[in-house]
Every structure is written in structure tokens, then in C-alpha cells.
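Here is the structure we will look at.
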Number of protein chains: 2
Amino acid sequence: MAKSATTTAAGPRAPLTRERVIAAAMSAADEKGEAGATMRAIAASLGVEAMSLYNHVRGREDLLTGMVDAVFGEIDLPTAGAEWHPAMRERATSARAALRRHPWAVGLMDSRSEPGPATLRHHDAVLGALRAGGFSVAMATHAFSLLDSYIYGFVLQEQSLPFGDADELRVTATEIVNAMPADTYPHLAEVATAHVTRGGYDYGSEFEFGLDVILDALRPDEV
Amino acid sequence: MAKSATTTAAGPRAPLTRERVIAAAMSAADEKGEAGATMRAIAASLGVEAMSLYNHVRGREDLLTGMVDAVFGEIDLPTAGAEWHPAMRERATSARAALRRHPWAVGLMDSRSEPGPATLRHHDAVLGALRAGGFSVAMATHAFSLLDSYIYGFVLQEQSLPFGDADELRVTATEIVNAMPADTYPHLAEVATAHVTRGGYDYGSEFEFGLDVILDALRPDEV
DNA sequence: AACGGTAGGCTTACGCTGTAAGTGCGTCAA
DNA sequence: TTGACGCACTTACAGCGTAAGCCTACCGTT
């Protein structure tokens, strides 16, 4: 079908690369969910057959690992000379944004144990910012673990909420208040009622709250 | 094959139920990973054909949702009259233990938006403990979100580490120090070196550190 | 004692998945 | 001009979730 154009001129098809394959897989997963990003679907979006992908990727698992690494590549690195406190704040916000752009990423992380180059670079930069801020090696590890746990966990919760924005929350909360037998889950009902009456609540603002609690509790150790 | 025994006596096969199906699926996933827990494999472990499961479960998605809910059912509820601080501490430990027993659970959570009854009961009890401890509705929500984010995120990280215990960490750290081009990831190298020389570090203790930071930063608001 | 309904197994079949294996073309080096 | 090689292609297969329909053992009624 595309045979006629294949002459001496520059090929009618951009060459496949590992990066292009991973990028196509990410788009497919963003649009149709992780399960929708099949080898055939990814290949089709590149105008190619499924098996051609295997020239650039070891298999599906390798592809998923590459996708996760690419997400880390999208997170802003802490600026070189900046103060650690605002730098960590910005990084956390950027990380959350990247993980929300690619909702499949968090769910993939727990099954991947070999970090890619972008992941390593990112981790190294964060540790560096903390060390430069006066954190000891041990304390930097503590802080890093705590901050990242919070970020990943928050996004995980955020994605499993049955509502997306403030309006949907209001609708959902109303349904809950009406549907619930009133005293089976009294405290959930209390929270739901508060949101129905108050409204305008965005779960996203919870992220700021927790992040500030953690950042204010952390500080470099002077030894 | 099992035909002969089918007489008037009590049936040779325990009746299938949703609970038995979910329990079998959990065992299968614990042993062979989420991907290994196929409908056919689960059915086989119950001495039944795959399609029989559909009499008790709407489909694979429904089954996975039930499994996640069952994991929440394994988490200890905060004791009724206890102080909120130790109660939250115990719940966090119990939650981490349950999520570690079933490594597939965290990865499943982000794709499931309808909480099951055990999940609701659990959430209600935690909110109740905080409210009883003097937290306002808003503050209880903050605290809950922060604590759960930390727990989920920590387990997520824990599971994607390329080592399991202190010994494996030492081996891995040694490999990293030896294999790394020394100055591509200087701060990672620094941390790895510290672990090689010091040793005996268990990542699990990081959990305690972060948990205490958060618990100490939280307190009920007196309004 | 005989009967009809129903619950809950079973079998079959379909489209889709990841991927092993082998084929053939386009390009570049000598 | 020729040889080799990279890379996309085709074919094929086992295993997946599940729709549809069948079959039998049980139970309440008559």
C-alpha cells in the first residue's frame, strides 16, 4: 500500500527508536489506560506492525520500565543553588503533576525494581539538594524517603477517589449522605455532610497541607 | 472422575461463595503475582472451571475490587477508647503489614474508585478515632489524608527497592559503588558507600522515622 | 411419590493478548 | 558489484477474559 513512494528519496517513514516507541506507548496509556496500550495498538500508532517494536524494546516489561523512567524524566530537577525548602516544595509539586499527567505510572512503580537513568539522575539531584542544604547523609535519606512516600501515596489516593473536582465531589457527597443508612458510617457521613453544606472543596489542597506539615517538620541536623 | 462419590451424603465439594473465590484469588496473587492469578488458575485451585467463578463475581475487575477490599479488612481497626496518637501508630503499622502481605494490593488501588464495605468501615473507624481525640472534621480529614498517603507511598517505594533485607542491601550497595562511574551520581554513591561501610541498615526503620515525624506534627485543633 | 424451577456447576467458542520464529527488503562498506 | 546487516514484515501459537448455552442436582410444592 505504501509501496509506491519507496524510492531513492529520503524514506517515507521516520526511523523507529526506543524513545519513539516509549513515547508512543505513553500516549496510548494516557488515552486508553495501561491495559489499552497493547503492543499492537502502540505499533499501529507508529504505522508499524507489533513485532517491529521488539527491535527496540526487549518486551512489554522492558517497555513499561522505560515508560516509568520517562515519567521521572518529566519531573523538574531541583535548581542548583536554591534553598532546600522551596526546592523540595517545587519538586514535590512537579512530581505530582507528572504523576497526574500519566495516571498509569504510580500503579506501575511497585512492580519495577530496576531504576532507569532518568530516575537515578532525579534521585541524585534531590539528594544533592538536601546535602547542600546541610542534611547529613542519614538525614537526607530520611527526608527523601518521607517526602517521596507522601507524594506517591497522595497521588495514589487522589486517583482512586470517586470524584475528580469540587463539583463532582459535591454531587458524590450528596449521594453518599442520601444513600447511606445514616449510622453505619457516622464519621464518613459527617465528613460528607460537611462537604455538601460547605462546598468548594478541592482535594488537591490537601496536598499542600500535608506537604507543608512534612517540610516544616524536617530540618538539617547540625553535627 | 469425581462422579462416583456423588451420592446422598454431604456433597464432596464445599459450595463456592464470593468470599471463597476472593480468598482463592488472593492466595494465587500472593504466590504467583497479580498476573498469575488468572480466572482459570483461581478456578483450578478451587477444583472448578473458570466460568463457574462468574456465578459469584461479576468479572475480573469485580474480583480485583473485592480483593482490595479484603486487604482493608485485614487491617486492625483503632481500638475504641484509645488515645488517638498510639491508635494511629498501631493502625499504620497494621496497614503496612497487610499491604506487605499482599504486594499486589497497592498497585491495584489506583485503578479502583468504588470502596468496598471493609474499606468504608476502616475509614470510618479511623475518622472516628481522630474525632474522639479532639480533631475537627476538617483537621481529621487532613490528618487522615496525610497518614494514608504516607503509608501507601512508603509501601510502594519499599516494594520497588532492588533489595529485600539488610544483607541484600549491603550486596546491592556494594555493586552500585563498584559499578557506578563514580561521579555520574555522586550523591547516590555517597549513600551507597555509607551503607557498605556501616551495614546493618534496614529500610523498614525508615517507616518509623517518617511516621513519627508526621504523628508529632499533627495535633487536634481547639476551636 | 412425582414435578417444575432454579442455582450453580460445565462446555464450547471468540476475539484479543504477548511473543517466538522465520522471511525479505533497503542501505551501506568494500 | 557484492556481501552483510539492520529492521520491518508475516505467520503461528498458547493463554487470556468472558458471552452463550447446556445439564444436572437439589428443593418446595402438589
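By convention in this document, chain letters (A, B, ...) are assigned in the order of the sequence lines, proteins followed by strands, and residues within each chain are numbered from 1.
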Q) If you check every side-chain atom of R60(A), which of dT11(D), dT11(C), dG18(C) has the closest atom? A) dG18(C)

Q | Test item: T174(A) and H195(A) side chains (from C-beta on) under 4.5 Å apart, heavy atoms | A | no

Q. Any salt bridge (Lys or Arg N to Asp or Glu O under 4.0 Å) pairs touching residues 143-155 of chain B, not counting sequence neighbours?
A. R91(B)-D148(B)

Q | Shortest side-chain distance from N55(B), nucleotide among dA8(D), dG17(D), dG9(C) | A | dG9(C)

Q. Can you tell me how far C1' of dC7(D) sits from CG of L53(A), to the nearest Å?
A. 12 Å

Q) What nucleotide among dA20(C), dG9(C), dA19(D) has an atom nearest to a side-chain atom of V48(B)? A) dG9(C)

(Q) Using OP1 and OP2 only, check whether a side-chain N or O of S52(B) sits under 4.0 Å from dG8(C). (A) no

Q: Starting at atom CD of E49(A), determine the distance to atom C1' of dA20(C), rounded to an integer number of angstrom.
A: 16 Å

Q) Which residues pass the side-chain hydrogen bond (donor to acceptor under 3.5 Å, both in side chains) test with R89(B), sequence neighbours left out? A) E208(B), D212(B)

Q. Are OP1 or OP2 of dG9(C) and a side-chain N or O of H56(B) less than 4.0 angstrom apart?
A. yes

Q: Quickly work out the R58(A) CZ to dG18(C) C1' distance and round it to whole Å.
A: 16 Å

Q: Name all pairs fulfilling the salt bridge (Lys or Arg N to Asp or Glu O under 4.0 Å) condition that reach into residues 101-124 of chain A, sequence neighbours left out, sorted by first residue then second.
A: E61(A)-R112(A), E74(A)-R101(A)

Q) Rounded to the Å, how far apart are Y54(A) OH and dC7(D) P? A) 17 Å

**Q.** Closest to the L16(A) side chain, choosing from dA8(D), dT11(C), dT19(C)
**A.** dA8(D)

Could you give the side-chain donor-acceptor pairs of residues 28-40 of chain B under 3.5 Å, partners two or more places apart or in another chain?
| unit_1 | atom_1 | unit_2 | atom_2 | d |
| --- | --- | --- | --- | --- |
| D30(B) | OD1 | H102(B) | ND1 | 3.0 |
| D30(B) | OD1 | W104(B) | NE1 | 2.6 |
| D30(B) | OD2 | H102(B) | ND1 | 3.0 |
| T38(B) | OG1 | A41(B) | N | 3.0 |

Q | Of residues 32-43 of chain A, the positions that come close to DNA chain C - non-hydrogen atoms, cut-off under 4.0 Å | A | T38(A), M39(A), R40(A)

**Q.** Closest listed nucleotide, where the reference is the side chain of M51(A) and the choices are dT18(D), dT19(C), dC10(C)
**A.** dT19(C)

Q) In terms of the nearest nucleotide of DNA chain D, which residue is placed more toward the 5' end: A50(A) or G59(B)? A) A50(A)

Q. Counting only non-hydrogen atoms, which of residues 104-115 of chain A are less than 4.0 Å from DNA chain D?
A. none

Q | Contacts of type side chain to side chain contact (heavy atoms under 4.5 Å, CB included), residue A25(B), not counting sequence neighbours | A | I42(B), L63(B), M67(B)

(Q) Enumerate the salt bridge (Lys or Arg N to Asp or Glu O under 4.0 Å) contacts for residues 180-192 of chain A, please, sequence neighbours excluded, ordered by first and then second residue. (A) E190(A)-R131(B)

Q: Look at the rings of F72(A) and Y152(A) and say which category their plane angle falls in: under 30° parallel, 30 to 60° tilted, over 60° perpendicular.
A: perpendicular

Q.
According to side chain to side chain contact (heavy atoms under 4.5 Å, CB included), who are the partners of D165(A), at least two apart in sequence or on a separate chain?
A. D167(A), E168(A)

